[in-house]
Amino acid sequence: MKKGAKVRAAAIGEGLKVKVYPDPALKMPAENVRRFDAELSLFVEKMRVTMEMYEGVGLAAPQVGILEKIALVSWEGFFYVLINPRILEEEGSQEGDEGCLSFPGIYASVKRPARIRVAAMDVNGTERFYDVDGFLARAFLHEMDHLEGKLFIEYLSTLKRGMIRKKMFKRAMEEDR
Ligand code: NI
């Protein structure tokens with residue numbers, strides 16, 4: 001049942017594929033979106049379908065090879081579209097496990113601010129404000145980092161980061177064979 005739905009979603013997604021570390025696109029900073037048109041809405045919709053297909057909580061455009069400041073977060077039945085987002089305020093700190101669609105099967109504890117206030121455009125170019133905390137703040141920050149070419153492994157110790165990188169490089173080499 002789930003499998004069939006996934007295949008259909010893949011067809012609607014028309015080939016948006018999530019890039020896996022060490023793909024160079026993941027390390028590049030994205031540019032601001034300037035045009036809020038039908039094409040942007042279509043792309044955001046494709047990203048949403050892709051995120052659902054991969055069962056992700058969030059997805060940033062650089063992860064599908066598009067270097068534009070577009071990030072999506074889906075959490076507890078709510079769907080957030082963050083275009084050209086910026087952090088206005090941050091407060092406190094929290095620590096918790098994080099994963100990433102670009103690092104399949106890898107989870108690590110990352111320290112982040114506990115609460116944030118974010119300004120971002122929606123698909124229509126209207127500025128919106130979000131006051132979020134806990135896991136949702138973590139998800140926003142993780143996706144916003146992607147827009148700067150920053151990955152969650154950069155918050156880890158040199159040792160832990162090295163282990164993950166080694167595992168990912170090994171996996172990439174095996175897939176190239
Ligand atoms: Ni990620």
Side-chain angles (χ1 to χ4, degrees), residues 1-31 33 42-76 79-83 85 87 93-113 116 134-177:
M1 192 70 184
K2 199 172 186 182
K3 207 176 173 188
K6 275 191 180 181
V7 171
R8 192 179 62 240
I12 297 165
E14 280 176 27
L16 280 193
K17 200 167 175 283
V18 175
K19 295 184 179 294
V20 167
Y21 184 88
D23 192 292
L26 298 171
K27 295 289 290 169
M28 292 176 193
E31 291 187 353
V33 171
L42 188 66
F43 178 68
V44 167
E45 179 56 18
K46 281 186 180 182
M47 275 183 69
R48 189 182 64 78
V49 170
T50 306
M51 179 173 70
E52 283 175 0
M53 186 175 77
Y54 282 81
E55 295 177 350
V57 169
L59 183 66
Q63 288 182 280
V64 292
I66 305 297
L67 296 175
E68 285 188 290
K69 292 193 174 177
I70 306 166
L72 309 186
V73 171
S74 175
W75 183 242
E76 290 184 335
F79 176 59
Y80 305 88
V81 181
L82 307 172
I83 299 175
I87 300 167
S93 81
Q94 59 167 321
E95 206 159 336
D97 270 0
E98 243 168 75
C100 180
L101 292 180
S102 297
F103 292 80
I106 290 173
Y107 299 89
S109 187
V110 177
K111 200 175 166 188
R112 303 265 189 196
I116 53 170
F135 186 81
L136 190 54
R138 173 178 299 286
F140 270 42
L141 290 163
H142 177 112
E143 298 313 323
M144 287 169 72
D145 272 352
H146 273 301
L147 304 179
E148 309 300 329
K150 188 169 183 181
L151 301 168
F152 78 119
I153 59 165
E154 291 170 45
Y155 294 95
L156 309 178
S157 69
T158 312
L159 181 68
K160 179 93 183 163
R161 184 168 60 244
M163 282 166 61
I164 292 173
R165 289 186 66 211
K166 207 171 147 188
K167 195 184 272 185
M168 294 300 299
F169 274 98
K170 192 169 166 245
R171 200 183 282 178
M173 274 172 65
E174 282 168 0
E175 277 166 16
D176 278 350
R177 249 183 246 151

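For the pair Pro113 and Ala137, the tightest heavy-atom approach, listed with the atom from each and the gap, is O-CB, 4.5 Å. The minimum heavy-atom distance between Ala139 and Val73, with the atom names listed, is CB-CG1, 3.9 Å. Residues Ile70 and Val33 approach most closely at CG1-CG2, 3.6 Å, considering heavy atoms. Residues Leu16 and Met47 share a closest heavy-atom pair of CD1-N, 3.7 Å. Nearest heavy atoms, Met51 versus Leu59: SD-N, 3.7 Å. Taking both residues in full, the closest heavy atoms of Leu147 and Ala60 are given as CD2-CB, 4.0 Å, listed atom of the first, atom of the second, then distance.
Atom CG in Leu159 sits 10.0 Å away from atom CZ in Arg161 (nearest 0.5 Å). One distance of note links CG of Leu72 with CD of Glu143; it measures 8.0 Å at 0.5 Å rounding. Separating the CG atom in Leu141 from the CD1 atom in Ile116 is a distance of 4.0 Å, to the nearest 0.5 Å. Distance check: Lys150 NZ to Met144 CE gives 12.5 Å after rounding to the nearest 0.5 Å. The structure places CD of Glu68 at 9.0 Å from CD1 of Ile83, a figure rounded to the nearest 0.5 Å. From Phe135, atom CZ reaches atom CH2 of Trp75 across 4.5 Å, with rounding to the nearest 0.5 Å.
The side-chain hydrogen bond (donor to acceptor under 3.5 Å, both in side chains) check on Glu174 picks up nothing, with sequence neighbours excluded. Applying the side-chain hydrogen bond (donor to acceptor under 3.5 Å, both in side chains) criterion to Arg165, with sequence neighbours excluded, gives Tyr21. Here Pro29 pairs with nothing under the side-chain contact (heavy atoms from CB on, under 4.5 Å) rule; sequence neighbours left out. Here His146 pairs with His142 under the ring-ring contact (aromatic ring centres under 6.0 Å, His included) rule; sequence neighbours left out. The side-chain hydrogen bond (donor to acceptor under 3.5 Å, both in side chains) test applied to Lys160 returns no partner, not counting sequence neighbours.
Between Leu67 and Glu31 there is no side-chain heavy-atom pair separated by less than 4.5 Å.
In this structure, Glu95 places its CD atom where more than 12 heavy-atom neighbours from other residues, nucleotides or ligands lie under 6.0 Å away.
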N/O donor-acceptor pairs under 3.5 Å from side chains in residues 100-112, not counting sequence neighbours:
residue: Ser102; atom: OG; partner: Lys19; partner atom: O; Å: 2.7
residue: Ser102; atom: OG; partner: Gln63; partner atom: NE2; Å: 2.9
residue: Arg112; atom: NE; partner: Glu98; partner atom: OE2; Å: 3.0
residue: Arg112; atom: NH1; partner: Asp145; partner atom: OD2; Å: 2.8
residue: Arg112; atom: NH1; partner: Tyr155; partner atom: OH; Å: 3.2
residue: Arg112; atom: NH2; partner: Glu98; partner atom: OE1; Å: 2.7

Run the side chain to side chain contact (heavy atoms under 4.5 Å, CB included) check on Lys166 and Met163 step by step: do they pass? CA-CA 5 Å; Lys166 207 171 147 188; Met163 282 166 61; 5.8 Å; no

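A salt bridge does not link Arg171 with Glu175: none of the charged nitrogens is closer than 4.0 Å to a carboxylate oxygen.
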